[in-house]
2 protein chains.
Amino acid sequence: MTNQLDSFFSALADPTRRAVVEQLIQGPAAVSALHDGHDMALPTFLRHLKVLEDSGLVTSTKKGRVRTVEMQPEALRAGADWFEAHKSMWEGRMDRLARLADHLERTRT
Amino acid sequence: MTNQLDSFFSALADPTRRAVVEQLIQGPAAVSALHDGHDMALPTFLRHLKVLEDSGLVTSTKKGRVRTVEMQPEALRAGADWFEAHKSMWEGRMDRLARLADHLERTRT
DNA sequence: ACAATACTTAGCTATATGACTAACCAACTC
DNA sequence: GAGTTGGTTAGTCATATAGCTAAGTATTGT
């Protein structure tokens with residue numbers, strides 16, 4: 001029952017982590033580059049990165065002493081798909097209601 | 001900085017709450033009807049509903065002793081929009097990279 | 001009026017989350 | 001090889017979250 005969507009949504013439920021995702025859309029970046037501009041201690045920031053990585057939204061590799069973090073765009077797709085699925089369910093229902101209203105209107109005599 | 005998206009995403013970061021959203025897409029329902037099939041104490045379940053309501057995803061009204069809960073579809077839209085915005089940023093970047101690659105290819109002589 | 005129904009409130013517990021400091025290791029740079 | 005840079009580990013703390021039981025309130029049904 002506990003879906004992978006859990007970790008996905010909770011990864012995005014934090015402004016710092018959403019900001020990181022937005023930065024990474026511009027392209028991969030080193031940990032310290034990502035950290036710049038976020039007013040928090042590095043270890044704290046690193047835990048945010050770990051949450052993102054555990055959720056599958058990003059991956060990272062270390063070369064020398066520099067760790068580079070990269071977006072995993074397919075992961076974003078998974079979330080977008082969830083919304084699409086539910087939005088369309090909703091819209092389907094709206095259509096049915098509209099048809100019903102229309103029917104009632106026409107048979108109102 | 002702390003966006004309304006925080007409460008929105010964290011509301012969806014729980015399987016029970018996503019299930020409730022999915023049920024509610026079929027139409028409004030009473031608290032006890034929603035509770036059926038969720039193996040947890042009612043007070044616990046009520047707190048999930050409160051989280052959903054605080055996030056703006058659902059609204060509820062009480063008539064007599066029955067509280068009826070209803071989806072707020074515009075809220076789902078807000079989330080879908082976030083994904084769309086970021087997906088398209090990503091795709092924009094891919095396009096630019098593709099054009100760059102193309103350019104490099106053509107000027108390779 | 002009494003009982004049953006449909007929540008609601010209060011209070012507890014355990015675990016998770018987000019923040020910090022301090023100390024550490026590994027790899028460049030001079 | 002000594003210092004600096006880039007990241008990591010360990011440990012603490014405060015608050016939030018998700019669950020429970022027990023008891024309460026307010027309608028509705030008989």
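Below, chains carry the letters A, B, ... as their sequence lines are ordered, and counting in each starts from 1.
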Below 4.0 Å: OP1/OP2 of C/dG18 and any side-chain N or O of A/Arg17: yes
Taking for each residue the nucleotide of DNA chain C bearing the nearest heavy atom, is the 5' side occupied by A/Thr16 or by B/Thr68? B/Thr68
Atom NE2 of A/His35 and atom C1' of C/dG18: how far apart are they, to the nearest Å? 14 Å
Among A/Leu24, A/Thr59, A/Leu52, the one residue meeting side chain to side chain contact (heavy atoms under 4.5 Å, CB included) with A/Met71: A/Leu24
With respect to the phosphate group of C/dT17, does any side-chain polar atom (N or O) of A/Ser10 fall under 4.0 Å of OP1 or OP2? no
So do the side chains of A/Phe8 and B/Leu12 get within less than 4.5 Å of each other, counting heavy atoms only? no
Given D/dG6, is OP1 or OP2 found less than 4.0 Å from the side-chain N or O atoms of A/Lys62? no
So, under a plain 3.5 Å distance rule, would you say the side chain of B/Arg65 forms a donor-acceptor pair with the base of C/dA6? no
Return no unless some side-chain N or O of B/Thr44 is found under 4.0 Å from OP1 or OP2 of D/dC20. yes
Give the rounded distance in Å between these two atoms: CG of A/Leu46 and C1' of C/dA19. 13 Å
Proximal nucleotide (of C/dA6, C/dG18, C/dT8) relative to the A/Asp14 side chain: C/dG18
A/Leu46 and A/Val31, any side-chain heavy atoms less than 4.5 Å apart: yes
What I want to find out is whether A/Lys50 reaches A/Asp54 closely enough, with some N-O distance under 4.0 Å, to be called a salt bridge. yes
Whole Å only: how far is the NZ atom of A/Lys50 from the C1' atom of C/dA19? 17 Å
Distance below 4.0 Å between B/Arg67 side-chain N/O and C/dT8 OP1 or OP2: yes
Under-4.0 Å side-chain N/O to phosphate OP1/OP2 contact, B/His48 with D/dG19: yes
Judged by each residue's nearest nucleotide on DNA chain C, which is more toward the 5′ side, A/Gly64 or A/Asp39? A/Asp39
Kindly check if the number of other-residue, nucleotide or ligand heavy atoms within 6.0 Å of CG (B/Asp39) is above 12? no
Among C/dC7, D/dT9, C/dA10, which is the nearest nucleotide to the side chain of B/Pro43? C/dA10
In whole Å, what is the span from the NE2 atom of A/His38 to the C1' atom of D/dG6? 17 Å
B/Met40 atom CE is separated from D/dC20 atom P, nearest whole Å, by 6 Å
Can you measure B/Leu12 atom CG to D/dT17 atom P for me and round it to whole angstrom units? 15 Å
Measure CG/B/Leu52 against P/D/dA18 and give the value in whole Å, please. 10 Å
Whole Å only: how far is the CG atom of B/Leu42 from the C1' atom of D/dG19? 13 Å
